[in-house]
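To keep things clear, I will list the structure first and then write my remarks on it.
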Amino acid sequence: LHAYNTLIAGYGQEGRVEDARKLFDQIPCHSDCGKESNQRFERNVVSWNSMIMCYVKAGNIVAARELFDQMRERDTFSWNTILSGYVHISDMEEASSLFREMPNPDTLSWNMMVSGFAQMGSLELACDFFDRMPQKNLVSWNSMIAGYEKNEDHKGAAKLFSQMLVEGQKPDRHTLSSILTVSTGLVDLHLGMQIHQLVTKTVTPDVPINNSLVTMYARCGGITEARTIFDEMKMQK
RNA sequence: CUUCUUAC
């Protein structure tokens, strides 16, 4: 059964929804004739969740929702999965009401609400959720920073970033590449160089990160440094 | 075994 679930999820990654569905339909639903307990081979929550995930990834919220409504046992994963479906099509109306109906929203749910609102330009709302979050994690910060960035509030993003450091969160590659884009937008070479320092200490060199670094230096008047990084990139291959 | 965030 684990094998089935893994395969369904795997098809999901590749967008092969109907193959996933075929497998899903092959797993017995719930044994109809009461006596026999074939609990051993039955669709479980994970099978449902994986299948819903496939539909969500395919952009087929309607189908995902149908499955969701049919489930008799929903866990936090199920809720978060459809929630993310609505967030990705920017249907924050639906997302909000789901969020309100959720029995026990966890950090992931909050994160999705934050990034959803931020992504559609409702920075106010995003901030609101962000501030009210019971506990924030790295992803929460990253989503919020990305939101500022998307709305071209580069100063806001930079401010949030320093606040993040003050609160003792360590940035990861997501944070750093967002904030690099921000320094590029601000044409702030000084900030960019500070980030560069952090990059070399915290994350393993990475093509996307290096690209952001090169872009940042090039735009902020550090052509020499840009060139250096560029050359280092070639060495690594 | 399944769910959240970046850039180009």
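We name chains A, B, ... by the order of the sequence lines, and we start the count at 1 in each one.
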Starting from [atom2] on [N], measure out to [atom1] on [X] and report it in whole angstrom.
X	N	atom1	atom2	result
A/Arg74	B/U3	CZ	C1'	16 Å
A/Trp79	B/U3	CH2	P	19 Å
A/Phe77	B/U3	CZ	P	7 Å
A/Met233	B/C8	CE	P	16 Å
A/Leu176	B/U5	CG	P	18 Å
A/Tyr11	B/U2	OH	C1'	17 Å
A/Asp75	B/C4	CG	P	14 Å
A/Phe68	B/U2	CZ	P	19 Å

Go through [options] for me and flag the one nearest to the [X] side chain.
X	options	answer
A/Val46	B/C1, B/U5, B/C4	B/C1
A/Leu108	B/A7, B/U3, B/C1	B/U3
A/Pro208	B/U3, B/U2, B/A7	B/A7
A/Thr6	B/C1, B/U3, B/U6	B/C1

Query raised in the report: Does B/C1 have A/His2 stacked on its base, where the ring centres are within less than 5.5 Å and the planes differ by under 30°?
Result: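 Stacked: ring centres under 5.5 Å, planes under 30°.
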Requested in this report: For A/Glu94, enumerate each residue passing the salt bridge (Lys or Arg N to Asp or Glu O under 4.0 Å) test, keeping only those at least two apart in sequence or located in another chain.
Outcome: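 By the salt bridge (Lys or Arg N to Asp or Glu O under 4.0 Å) rule, A/Glu94 matches A/Arg65.
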Query - A/Lys22: salt bridge (Lys or Arg N to Asp or Glu O under 4.0 Å) partners, not counting sequence neighbours - result: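 Only A/Asp19 meet the salt bridge (Lys or Arg N to Asp or Glu O under 4.0 Å) criterion with A/Lys22.
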Query raised in the report: Does a nitrogen or oxygen in the side chain of A/His88 sit under 4.0 Å from OP1 or OP2 of B/U3?
Result: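 Checking B/U3 against A/His88, no side-chain N or O comes under 4.0 Å of OP1 or OP2.
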Query raised in the report: Looking at residues 143-154 of chain A, who's got a heavy atom less than 4.0 Å off RNA chain B?
Result: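 Only A/Ser143, A/Ala146, A/Glu149 qualify.
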Report task. Would you please indicate if the ring centroids of A/Trp79 and A/Phe99 are separated by under 6.0 Å? Result ->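 Ring centroids of A/Trp79 and A/Phe99 are no less than 6.0 Å from each other.
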**Report entry** Residue from A/Thr202, A/Asp206, A/Asn142 passing side-chain hydrogen bond (donor to acceptor under 3.5 Å, both in side chains) with A/Arg173
**Finding:**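 With A/Arg173 as partner, side-chain hydrogen bond (donor to acceptor under 3.5 Å, both in side chains) holds for just one option, A/Asp206.
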Could you give the side-chain donor-acceptor pairs of residues 183-200 of chain A under 3.5 Å, partners two or more places apart or in another chain?
unit_1, atom_1, unit_2, atom_2, d
A/Ser183, OG, A/Ile179, O, 2.7
A/Ser183, OG, A/Leu180, O, 3.4
A/Thr184, OG1, A/Leu180, O, 2.8
A/Asp188, OD1, A/His190, N, 3.1
A/Asp188, OD1, A/Leu191, N, 2.9
A/His196, ND1, A/Tyr217, OH, 2.8
A/Thr200, OG1, A/His196, O, 3.4
A/Thr200, OG1, A/Gln197, O, 2.7

Acceptor/donor pairs from residues 108-115 of chain A side chains to any protein atom, 3.5 angstrom cut, sequence neighbours excluded:
unit_1, atom_1, unit_2, atom_2, d
A/Ser109, OG, A/Asn80, OD1, 2.7
A/Ser109, OG, A/Asp106, N, 3.0
A/Ser109, OG, A/Asp106, O, 3.2
A/Ser109, OG, A/Asp106, OD1, 2.7
A/Asn111, ND2, A/Ser140, OG, 2.8
A/Ser115, OG, A/Asn111, O, 3.4
A/Ser115, OG, A/Met112, O, 3.4

Please list, one pair per line, the donor and acceptor atoms closer than 3.5 Å that link side chains of residues 157-167 of chain A to other protein atoms, with sequence neighbours excluded.
unit_1, atom_1, unit_2, atom_2, d
A/Ser162, OG, A/Ala158, O, 3.3
A/Ser162, OG, A/Lys159, O, 2.9

